[in-house]
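Reminder, nothing fancy here: chain letters follow the sequence lines and each chain counts from 1. Keep in mind that what you see is a predicted model, and the values were worked out from it rather than measured.
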Amino acid sequence: MMTNEALQHLIGGWFPNPEADSVSDVKQHAETDEVLDENREPSKPINPSLLEFTEEGSQFLNITVQPEQFYALMAKLKTNEETHFDYLFCLSGVDWGEELGVVYHLESTVHRHTIVVKVKTEDRENPNFDSVYNIWATAEFHEREVFDFFGIKFNNHPNLKRLFLTENWEGFPLRKDYVDEINMVIK
Amino acid sequence: MESTPINSSFKTEPYQINMGPQHPATHGVLNLLLTIDGEIIKKVEPDLGYIHRSIEKMCERDSYQQIVHLTDRMDYLSSNINNEAVCLAVENALQLEIPERVKVIRTIIGELTRISSHCLWWGVMGMDVGALTTYFYGFRDREMLNDIFEETCGARLTMNYNVPGGLMLDIHPNFVKRVKKFVTHFKTKIPEYDRLLTENVIFQKRTKGVGILSKEDAISFGVSGPVARASGVSCDVRKYHPYSALDKVTFKECLKTEGDTFARYQVRIMELWESLSIVEQLIDDIPEGEHRVTTNAVIKLPKGEFYQKVETARGELGVYIISTGTKNPYRLKFRSPGFSNLSALNHMAVGGKIGDLVATMATLDLVIPDIDR
């Protein structure tokens, strides 16, 4: 079992942020020239990895990944021997208000560590992420459920259609902006 | 595909039939769209949603005390364990210290619930493969447990015995006596189950080597509970993430490696013995003390995300709560065991016959509201 710190170190290294390197180069250069510009705002430290890690407000280590790196990260999390996250035990769609996204809870049946991966998009019109059904077979059903309730599409999914609701159902009921005209759930 | 030249009406072309939603083996309302070639199954496509009640959506408007009353309508055969999952999630989020008495009683009732669920499953399993006697025997023993539940909290099926902070009521003065009576009774009944069904040659022929699920596939499909353990996946939540008083008892995780229908059957029979043993270890010294700690009338969870998993009779139930600090969850997701288990059905059934599908489905122990939510 790896500690959250060790996991963060290992996984963070898989996706280095090229911007972080170039900025630190510039900074070093500036320091050697001893040019001090007092009017310049202190720059925000740039994350050395393209992934964002946090443990705040959760009992697990949370990773937020951009949709572009999402599939590569998920494949590596499963196949890498040190992480070996072979058990996708929970896949939930979430509407954060501005953003729509999916939360993946992963556990390793070998090492017994747990991790949470989040992928988000601000595109509410046409949200889509890569499907992970060929990494974990359980995702096929779970992704259909997320599509059904949130309207999030999954690229390469073999059978992406409504799961619980009828084919002609309009709208996506678990979105926060869903208008429930027939008052099926009364506030 | 080559057609038979003799008579065109005997051409073997795959065609589709509907099994369910009212088929007796679908245990509720599940429609399976079968693609078959003769009697051989080519594809099983489950069609869900007949009883979908949008429980997750309703949770977003309900207070945490109210949510508990929805959970037992999901997996109504493990209602007490479902309630416990939400209560534990809320209690952990609030960092409430729960009295030892509550933990022990919760564990006892939880294991009795598991036995009761497995009794019903055993009866129905026999019925699905054509042995009606098991149905009555299973119900006979389950009746004793239902009577205990009724005396304890007034309900026989959809129990709301757990509340955030503890238990609704203390146990009935007769509780310990009746549970002990049941344990003694049931110890003589499991061997009877074995003589009647487990050792039955016809039953073994119908189940051995049928509906095989390998260990790798079981993990990949996110299968849990007895179904996964029959494929050799060590996944008992009670072992890896013990809750309530489960860390104070010794029990064996029931594992088989064959991954077929008979192995899934055997795992549940083995679990009956283990649950009995857990109850026996706890029943004699239930600690004295309060049965509930006082919580605020309106429970507000701190801002953050909380995940709680428990082992129901069907497998791993997860409760994922996203809280924004208000009196109801911003988002609540139930990771129900039946949903993931069902996703493996196509994989297990392809290549078998329709009669095999019925036997395989019986050992998945499906409860439809647990899948549909």
Contacting region of B/I322 [heavy-atom separation from chain A under 4.5 Å]:
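Only the side chain of B/I322 comes within 4.5 Å of chain A.
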Contact listing (chain A partner; residues 364-373 of chain B; heavy atom under 4.5 Å)
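Answer by number: B/I371, B/D372, B/R373.
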Chain A neighbours within residues 329-338 of chain B, where any heavy atom lies under 4.5 Å away
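Residues in range: B/Y330, B/R331, B/K333, B/R335.
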Starting at NZ of A/K76, measure out to CD of A/Q69 and round the result to the nearest 0.5 Å.
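Between A/K76 NZ and A/Q69 CD, I get 13.0 Å after rounding to 0.5 Å.
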Tell me whether A/T83 contacts the main-chain N or O of A/L77 through its side chain, where contact means a donor paired with an acceptor under 3.5 Å.
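It does hold such a pair.
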Is the backbone of B/A313 close enough, under 3.5 Å, to the side chain of B/S78 for a donor and an acceptor to pair up by distance?
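A pair under 3.5 Å: yes.
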Taking atom types as modelled, is there a side-chain donor on A/N62 or A/T54 under 3.5 Å from an acceptor on the other?
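There is no such pair between these side chains.
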Using heavy atoms and a sub-4.5 Å threshold, report which of residues 108-133 of chain A line up against chain B, by residue number.
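Residues A/T109, A/R112, A/K118 are the ones that qualify, each having a heavy atom under 4.5 Å from chain B.
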With only heavy atoms counted, which part of [X] is less than 4.5 Å from chain B, the side chain, the backbone, both or neither?
{"X": "A/D148", "result": "neither"}
{"X": "A/H105", "result": "side chain"}
{"X": "A/E107", "result": "side chain"}

So which atom in A/F141 and which in B/L342 form the shortest heavy-atom distance, rounded to 0.1 Å?
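Smallest heavy-atom distance, with atoms named: CE2-CD2, 4.2 Å.
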Is it true that B/K103 and B/E91 make a salt bridge, defined as a side-chain N closer than 4.0 Å to a carboxylate O?
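Salt bridge: no.
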If you look only at pairs with a residue in residues 226-242 of chain B, which of them pass as a side chain to side chain donor-acceptor pair (under 3.5 Å), with sequence neighbours excluded?
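Non-adjacent pairs meeting side chain to side chain donor-acceptor pair (under 3.5 Å): B/E111-B/R238, B/R229-B/E271, B/R229-B/E311, B/S234-B/Y240, B/S234-B/E253, B/D236-B/R238.
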